[in-house]
Visitor: 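Quick one: the structure is below, and I'll ask about it shortly.
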Amino acid sequence: MPGTSVRTDESQQIAEYWNDIAHDFDAIYTGDKNPIARSLDRWLRRDIYQRFEWVMREAGPPDLRGMKICDIGCGSGRFVASLAKRGAEVTGVDFAPEMLKLGAQLCEKESVADRCKFVLSDVLDWKTDEQFDLVIAIGFWDYVADPLPRLQVIRKLTKTTFLSAWPRAATLRASIRKVRLKAEGCPVYFFTLPQVEDYLQRAGFSVERREILGQLHCVRSRSV
Ligand SMILES: C[S@@+](CC[C@H](N)C(=O)[O-])C[C@H]1O[C@@H](n2cnc3c(N)ncnc32)[C@H](O)[C@@H]1O
């Protein structure tokens with residue numbers, strides 16, 4: 001795994017937070033927890049499953065052979081493995097090594113490891129000339145104080161389409177989450193739709209479609 005170090009104290013703090021809770025996070029997908037916690041996930045974290053389905057729909061036809069996809073902040077590789085199972089070549093980028101370990105194990109288990117690559121890096125530090133037909137960044141912007149520099153890097157990676165999910169500002173759940181994550185040592189950020197659209201446009205994307213799913217703005221945009 002080509003790797004670079006994380007950039008700022010805050011990045012370091014966020015990477016450590018996700019590294020420590022990698023297995024607990026992945027259990028939201030596997031349901032490997034007690035029945036009460038599982039029910040709470042289905043209720044309070046419904047948009048985690050909804051954003052997954054949204055990406056699977058928006059990615060294109062069932063057969064993605066010939067497509068190159070990049071997943072920014074890929075976490076435990078759930079999107080990477082599912083898109084690779086449809087035939088795409090997928091690269092996942094994340095700065096939490098434990099997350100990438102889970103992602104690599106999942107891709108082995110699903111027999112798609114030959115089409116998947118994982119890169120240990122903050123996207124800001126990732127040096128590559130590669131370009132991708134589709135780039136996704138889901139559950140990622142929550143942990144980015146200043147989205148523009150990273151969006152500009154993502155724009156260079158994106159040949160055509162960029163799918164992103166942004167935590168909505170000014171909801172009751174946003175305030176509760178901010179307090180909870182701060183207590184757990186992880187900063188979290190929220191965005192209004194005009195802010196999201198402005199960032200995307202300034203980075204060189206044009207917004208094609210947007211929808212609200214639970215606490216999220218899900219936005220499909222295109223390189224211009
Ligand atoms: C909530 S998890 C989402 C994982 C995956 N996208 C999903 O939805 O299942 C957020 C992930 O983003 C990663 N992440 C956050 N900021 C990052 C950054 N600046 N560069 C690389 N990875 C980052 C974290 O390490 C973590 O694995």
Side-chain angles (χ1 to χ4, degrees), residues 1-31 41 44-56 58-59 69-84 90-107 116-128 134-154 157 162-167 177 180-181 184-191 199 213-218:
M1 264 183 302
T4 51
S5 60
V6 291
R7 284 176 78 86
T8 62
D9 285 351
E10 185 164 284
S11 296
Q12 182 78 48
Q13 188 185 346
I14 294 167
E16 279 168 16
Y17 173 80
W18 283 107
N19 206 54
D20 289 348
I21 65 154
H23 289 262
D24 291 345
F25 176 76
D26 193 52
I28 299 171
Y29 290 104
T30 60
D41 278 355
L44 295 171
R45 293 183 159 136
R46 213 173 91 149
D47 48 21
I48 291 194
Y49 311 115
Q50 289 175 309
R51 72 192 188 192
F52 183 87
E53 295 306 326
W54 177 73
V55 169
M56 292 305 135
E58 294 286 334
I69 300 179
C70 183
D71 183 355
I72 301 293
C74 64
S76 55
R78 294 282 153 187
F79 293 76
V80 173
S82 291
L83 293 165
V90 194
T91 299
V93 183
D94 203 292
F95 59 17
E98 266 316 301
M99 285 288 200
L100 294 190
K101 209 159 103 189
L102 289 176
Q105 282 166 1
L106 178 65
C107 291
C116 300
K117 188 169 97 183
F118 290 99
V119 177
L120 178 65
S121 181
D122 187 320
V123 64
L124 208 48
D125 299 321
W126 187 28
K127 303 280 176 276
T128 181
L134 170 67
V135 178
I136 66 173
I138 306 296
F140 173 81
W141 300 106
D142 318 43
Y143 314 101
V144 178
D146 177 13
L148 194 57
R150 285 178 177 83
L151 270 177
Q152 285 164 335
V153 173
I154 289 173
L157 299 171
F162 176 47
L163 299 175
S164 52
W166 302 74
R177 200 168 156 226
R180 181 175 63 80
L181 281 176
E184 290 174 10
C186 181
V188 61
Y189 303 95
F190 300 91
F191 305 89
Y199 283 131
L213 291 178
Q215 304 296 307
L216 304 170
H217 293 296
C218 293

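Each ligand, and each atom within it, is numbered from 1 in the order the structure gives. Keep in mind that what you see is a predicted model, and the values were worked out from it rather than measured.
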Visitor: Pairs of nitrogen or oxygen atoms, one from ligand 1 and one from the protein, closer than 3.5 Å: please tabulate them with distances.
Guide:
from, atom 1, to, atom 2, distance (Å)
ligand 1, 6 (N), G73, O, 2.7
ligand 1, 6 (N), I138, O, 2.7
ligand 1, 8 (O), Y29, OH, 3.3
ligand 1, 8 (O), R51, NH2, 3.1
ligand 1, 9 (O), Y29, OH, 2.6
ligand 1, 19 (N), D122, OD1, 3.3
ligand 1, 19 (N), D122, OD2, 3.4
ligand 1, 19 (N), R150, NE, 3.4
ligand 1, 22 (N), F95, N, 3.3
ligand 1, 25 (O), D94, OD1, 2.6
ligand 1, 27 (O), D94, OD1, 3.3
ligand 1, 27 (O), D94, OD2, 2.7

Visitor: Nearest 0.5 Å, what's the CG-CZ distance between D20 and F25?
Guide: 15.0 Å

Visitor: What's the shortest heavy-atom distance between A165 and C218, and which atoms?
Guide: CB-SG, 4.1 Å

Visitor: From L102 CG over to D26 CG, what is the distance, rounded to the nearest 0.5 angstrom?
Guide: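 One finds 5.5 Å between CG of L102 and CG of D26.
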
Visitor: Less than 6.0 Å separating the ring centroids of W18 and Y143?
Guide: yes

Visitor: For a 4.5 angstrom cut-off between non-hydrogen side-chain atoms, does D94 reach S76?
Guide: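 No, their side chains stay 4.5 Å or more apart.
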
Visitor: Report yes if the side chains of F52 and S82 come closer than 4.5 Å at any heavy-atom pair, otherwise no.
Guide: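 F52 vs S82: side chains touch.
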
